[in-house]
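Written out below as structure tokens is the structure these notes cover.
If you read the sequence from its start, that first residue is 1, and numbering goes on from there.
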Amino acid sequence: MREDLAGLYVESRATPPGDPYRRPSRQNFLDRLTVDMRRPGFAMVIAETDRLMGCAFGFPVGGDGSWWLGFDGALPRSIEQLTVAANVFAFADILIPPHPQDRELARRVQQRLLTDHQASLGATLVDGADRPTLAGLRSWGWLDLGELRRPAGATTFRALVLPFGERTTARLEGFVTVSGGGGPSGA
């Protein structure tokens, strides 16, 4: 299954012509997947018909708030509260190749993981230079929370959140930037 997932990664992360950003390699994806699979609470949802259509995977964010280490500025209180209450699920990756049904498929795999983990908020980190992935996530309802830089890393990430449920969405209003644009291919 690892090779099928790696193929899906390559298909869903094709770099548009002329884009200077170069995505991490197939091997880098497999290495990250191996590390993520060992995390407590790791979960994956796979969507398939006669072939692999998409998947999402991740793990619960610890209540100690360490996942947010390196966040630039003050973390909104509502995010802190959800984190302490163990209501946040970190999406390590969402692999949905561009096609007409991508928004619905993305919604379903994300919702399934959040429901299975009884989480009120999805969270993910994306390389700030990866504009196609950022545009895709935003088109699927993810909200931009701000910048995050890991102490030992050179990459500046964008921290994005996906509220799940009306109460969580209402709690986040005014704390996050809603920016639109493009589909999953960043177009």
Side-chain angles (χ1 to χ4, degrees), residues 13 20-21 23-24 28-29 32-33 35-36 38-45 56-96 103 106-107 109-184 186:
R13 296 294 197 269
Y21 179 73
R23 300 182 195 288
N28 178 279
F29 166 77
R32 286 186 298 114
L33 176 61
V35 169
D36 288 337
R38 294 182 179 130
R39 293 180 187 266
F42 174 84
M44 178 183 289
V45 171
F57 58 90
F59 47 90
V61 170
D64 65 357
S66 61
W67 196 81
W68 300 106
L69 184 66
F71 185 77
D72 184 23
L75 193 63
R77 184 165 167 75
S78 56
I79 303 291
E80 287 179 355
Q81 291 169 339
L82 289 168
T83 301
V84 169
N87 285 326
V88 181
F89 186 84
F91 284 83
D93 222 329
I94 304 166
L95 306 174
I96 308 288
R103 186 180 191 123
R107 185 193 64 77
V109 297
Q110 294 167 138
Q111 189 174 59
R112 175 68 183 268
L113 281 174
L114 292 171
T115 299
D116 289 354
H117 285 271
Q118 299 177 349
S120 301
L121 187 71
T124 194
L125 300 177
V126 178
D127 184 328
D130 188 353
R131 296 194 189 289
T133 298
L134 288 167
L137 289 169
R138 290 171 181 146
S139 77
W140 296 338
W142 287 79
L143 307 173
D144 197 323
L145 195 58
E147 287 188 355
L148 186 144
R149 184 184 297 256
R150 296 287 186 220
T155 303
T156 299
F157 293 99
R158 296 302 305 174
L160 287 90
V161 294
L162 180 67
F164 185 59
E166 291 178 24
R167 288 183 57 194
T168 302
T169 302
R171 287 175 72 180
L172 293 178
E173 284 183 9
F175 290 109
V176 294
T177 304
V178 180
S179 43

Counting C-beta onward and ignoring hydrogens, is there a side-chain heavy-atom pair between [X] and [Y] closer than 4.5 Å?
| X | Y | value |
| --- | --- | --- |
| Val126 | Trp142 | no |
| Phe91 | Leu137 | no |
| Ile79 | Trp68 | yes |
| Thr124 | Gln110 | no |
| Leu69 | Arg150 | yes |

Approximate separation, where rounding is to 0.5 Å, of [X] [atom1] and [Y] [atom2]:
| X | Y | atom1 | atom2 | result |
| --- | --- | --- | --- | --- |
| Met44 | Asp93 | CE | CG | 9.0 Å |
| Leu160 | Leu145 | CG | CG | 8.0 Å |
| Glu147 | Leu125 | CD | CG | 12.0 Å |
| Trp67 | Leu75 | CH2 | CG | 10.0 Å |
| Leu143 | Leu162 | CG | CG | 7.5 Å |
| Arg77 | Leu82 | CZ | CG | 11.5 Å |

*Look at atom CD of Glu80 and say whether more than 12 heavy atoms of other residues, nucleotides or ligands are closer to it than 6.0 Å.*
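Counting neighbours around CD of Glu80, more than 12 heavy atoms of other residues, nucleotides or ligands fall under 6.0 Å, so yes.
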*Can you tell me if Arg149 uses its side chain to pair, donor with acceptor, with the backbone of Thr155 under 3.5 Å?*
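Flag not set: sc Arg149 to bb Thr155 has no pair under 3.5 Å.
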_Arg107 side-chain N/O to Trp140 backbone N/O, donor-acceptor pair under 3.5 Å_ =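 Absent.
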Over all heavy atoms of both residues, which pair between [X] and [Y] is shortest? Give the atoms and the distance, please.
| X | Y | answer |
| --- | --- | --- |
| Pro60 | Gly41 | CD-O, 3.5 Å |
| Ala129 | Asp127 | N-OD1, 2.8 Å |
| Gly62 | Thr83 | O-CG2, 3.5 Å |
| Val109 | Ala56 | CG2-CB, 3.9 Å |

*In terms of the angle between their ring planes, are Phe42 and Phe57 parallel, tilted or perpendicular, with boundaries placed at 30° and 60°?*
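Taking Phe57 first and then Phe42, their aromatic rings sit tilted (interplane angle of 30° to 60°).
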_Using the side chain to side chain contact (heavy atoms under 4.5 Å, CB included) definition, which of the options Thr115, Leu113, Val61 pairs with Phe89?_
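Only one of Thr115, Leu113, Val61 forms a side chain to side chain contact (heavy atoms under 4.5 Å, CB included) with Phe89, namely Leu113.
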